[in-house]
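Remarks on the structure that follows.
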Amino acid sequence: MGIRFLKISGVYFLIAVLLGLTMGIIHNFAFTSVHAHLNLLGWVSMALFGIIYSIYPQAGKTTLAKTHFWLHNLGLPVMQGALFLQILTSNGAFTVGIIIGSIIVVFGILLFVINLFKAIR
Ligand code: HEM
Ligand code: HEM
């Protein structure tokens, strides 16, 4: 899971800085929260997961790590996609997507923490 997390973190980094650059150029900061969380949950958190699972490969091979990987990579695009659409359209109906995506991400992080305590000694 280490290598997968590292590669995907790079993709999020690129998307997040492109959004930041666009926001700066067009002077529209409405999407700051999307930019911040793509950077922080996409780039920074996933790069850390990748480094941790690479330093401790035994932790990266568990079912908990695999489930964590999929929950994070399902929840984050749902959460940030819904937030992006909500800001774009001002339609409150997207809030439910933000909440569901966030809960999936948080549940994945819970599994990550359990995995840290169980697999790393
Ligand atoms: C070339 C790279 C980047 C560009 C062009 C960029 C651009 C921006 C812009 C235009 C804003 C809005 C500022 C405002 O609302 O006053 C912003 C906010 C923010 N950026 Fe970036 N950014 C970049 C990289 C990063 C990275 C690498 C991170 C984190 C690892 C990051 C985290 C944040 C955060 C947390 C905020 C919100 C700050 C706040 O709430 O005041 N940015 N960025
Ligand atoms: C599922 C996980 C997370 C949820 C549900 C969440 C939720 C939120 C919410 C509701 C806000 C306020 C947004 C606004 O006022 O527009 C916020 C802001 C912020 N969060 Fe998070 N967050 C999460 C994870 C993180 C992580 C992991 C980091 C850092 C590593 C982080 C850093 C920030 C920062 C810097 C801001 C202020 C920047 C902004 O204006 O958006 N968040 N977050």
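First listed ligand is number 1; within each ligand, the first listed atom is number 1. All residue numbers refer to positions in the sequence shown, counting from 1.
Taking distance alone, with nitrogen or oxygen atoms compared against 3.5 Å, Trp43 stays at or beyond that limit from ligand 1. Ligand 2 has no nitrogen or oxygen under 3.5 angstrom from a nitrogen or oxygen of Ser45.
Atoms of ligand 1 found under 4.0 Å from any heavy atom of Val44 (numbered from 1 in listed order, with element): 30 (C). Close approach of ligand 1 to Leu21 (heavy-atom distance below 4.0 Å) involves ligand atoms 5 (C). Atoms of ligand 1 found under 4.0 Å from any heavy atom of Ala36, numbered from 1 in the order shown, are 34 (C), 35 (C). Within the listing of ligand 1, atoms 10 (C), 12 (C), 15 (O) sit less than 4.0 angstrom from a heavy atom of Phe29.
For the residue pair Tyr53/His68, the side-chain donor-acceptor check at 3.5 Å is satisfied.
The option from Leu48, Leu41, Val105 that lies nearest to atom 26 (C) of ligand 2, judged by heavy atoms, is Leu41.
The shortest non-hydrogen separation linking Pro77 to His72 is CD-O, 4.1 Å.
Scanning all protein heavy atoms for the shortest distance to atom 4 (C) of ligand 2 gives Met79 CE, 3.7 Å. Ser33 OG, 4.9 Å is the protein heavy atom nearest to atom 12 (C) of ligand 2.
His37 has its closest N, O or S atom to atom 21 (Fe) of ligand 2 at the position named NE2.
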